[in-house]
Amino acid sequence: MSENGYHPLALDVLNQKTFPGYGYWIEQGATTLWENWNGEGSQNHHMFGSVVDWFFRYLAGIQPDENNAGFRHFKIKPHFDKIDCLQCTHREVTVQWEKEKKKTCIQISLPADSTAEVFLPDGQTILIRDNWQGELEF
């Protein structure tokens with residue numbers, strides 16, 4: 001859903017306590033991923049990934065660059081809808097942001113010998129490099 005412009009809906013499905021939704025599974029007592037939304041089939045299923053992968057790729061926005069293997073260069077495209085703060089570390093990349101009244105502060109930490117393009121909601125793209133640690137406000 002997030003890849004096709006429906007990120008807010010994906011976040012709703014993650015949180016909703018009604019069928020279908022991950023919150024629904026929790027309300028039904030699930031402690032693992034189910035094969036089907038209705039609970040039929042395996043109730044300890046890996047599926048095609050997990051909510052954790054979605055969290056890294058779409059909430060935090062840590063995404064590989066298809067043209068550069070191995071996370072030497074990657075993209076950071078966080079989604080800021082419906083959430084006030086986030087902190088995520090994946091492959092030595094840390095993305096942390098918090099909304100404060102009319103501005104959002106984002107902190108990013110990169111490993112050595114890497115670069116990342118940071119895509120901000122205002123359309124601005126910033127290139128950061130090598131052990132960059134900093135804070136952006138928008």
Side-chain angles (χ1 to χ4, degrees):
M1 285 191 240
S2 292
E3 285 181 11
N4 293 296
Y6 297 98
H7 179 77
L9 180 59
L11 188 56
D12 288 344
V13 170
L14 177 69
N15 287 315
Q16 72 189 18
K17 295 181 180 182
T18 57
F19 178 88
Y22 290 97
Y24 172 77
W25 284 350
I26 292 168
E27 292 290 310
Q28 303 306 306
T31 57
T32 60
L33 296 175
W34 292 355
E35 185 173 358
N36 296 299
W37 285 115
N38 63 7
E40 292 178 5
S42 170
Q43 292 191 340
N44 189 9
H45 197 73
H46 180 59
M47 296 195 293
F48 296 110
S50 69
V51 174
V52 174
D53 179 66
W54 178 82
F55 185 93
F56 291 135
R57 286 181 175 265
Y58 300 106
L59 287 181
I62 302 169
Q63 301 179 7
D65 181 343
E66 299 79 22
N67 300 315
N68 294 285
F71 268 84
R72 291 202 81 158
H73 179 77
F74 51 95
K75 300 174 184 177
I76 298 177
K77 295 181 171 182
H79 284 274
F80 301 98
D81 348 330
K82 299 185 179 186
I83 295 179
D84 293 330
C85 62
L86 173 134
Q87 180 177 352
C88 175
T89 300
H90 180 61
R91 296 183 181 247
E92 299 182 46
V93 177
T94 299
V95 175
Q96 180 176 341
W97 54 263
E98 184 173 2
K99 293 179 184 175
E100 299 173 355
K101 296 184 182 178
K102 294 186 179 187
K103 69 179 179 179
T104 300
C105 297
I106 183 170
Q107 297 176 331
I108 301 168
S109 177
L110 300 180
D113 299 323
S114 65
T115 59
E117 288 176 273
V118 181
F119 295 81
L120 299 175
D122 62 3
Q124 186 178 6
T125 303
I126 299 169
L127 181 67
I128 58 177
R129 311 177 176 275
D130 297 316
N131 287 316
W132 186 89
Q133 293 188 25
E135 184 172 303
L136 305 169
E137 290 185 8
F138 55 92

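None of the values given here were measured: they were computed from a predicted structure. All residue numbers in this chain count up from 1 along the given sequence.
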Side chain Glu35, main chain Ser42, donor-acceptor under 3.5 Å: yes
Please check if Trp34 and Trp37 belong to a single hydrophobic cluster, counting links between Ile, Leu, Val, Met, Phe, Trp and Tyr side chain heavy atoms closer than 4.5 Å. yes
In the structure I gave you, are the side-chain heavy atoms of Arg129 and Leu110 within less than 4.5 Å of one another anywhere? no
Could you tell me if the side chain of Thr115 sits less than 4.5 Å from the side chain of Ile128, heavy atoms only? no
Check whether any side-chain heavy atom of Phe74 sits under 4.5 Å from a side-chain heavy atom of Arg91, and report yes or no. no
Side chains of residues 7-19: which donor-acceptor pairs under 3.5 Å do they make with residues two or more places apart or in other chains?
residue, atom, partner, partner atom, Å
His7, ND1, Ser2, OG, 2.9
Asp12, OD1, Lys82, NZ, 2.6
Asp12, OD2, Lys82, NZ, 3.0
Asn15, ND2, Leu11, O, 3.3
Gln16, NE2, Pro20, O, 2.1

Is it true that atom CD of Glu92 has more than 12 heavy atoms of other residues, nucleotides or ligands lying nearer than 6.0 Å? no
Is a side-chain N or O of Asn38 found less than 3.5 angstrom from the main chain of Glu40, in a donor-acceptor match? yes
Gln87 and Glu98, any side-chain heavy atoms less than 4.5 Å apart: no
Would a single hydrophobic cluster contain both Ile106 and Ile126, if residues Ile, Leu, Val, Met, Phe, Trp and Tyr are joined by side-chain heavy-atom contacts under 4.5 Å? yes
Output side-chain donor-acceptor pairs under 3.5 Å for residues 55-64, partner residues at least two apart or in another chain, one line each.
residue, atom, partner, partner atom, Å
Arg57, NE, Asp53, OD1, 3.4
Tyr58, OH, Glu3, OE2, 2.7
Gln63, NE2, Arg57, O, 2.8

Would Trp97 and Phe119 show up in the same hydrophobic cluster when neighbours are defined by side-chain heavy atoms closer than 4.5 Å? no
Evaluate the side-chain proximity of Phe80 to Leu86: yes if any heavy-atom separation is below 4.5 Å, no if none is. no
Beyond-backbone contact of Val118 with Leu120, side-chain heavy atoms, under 4.5 angstrom: yes
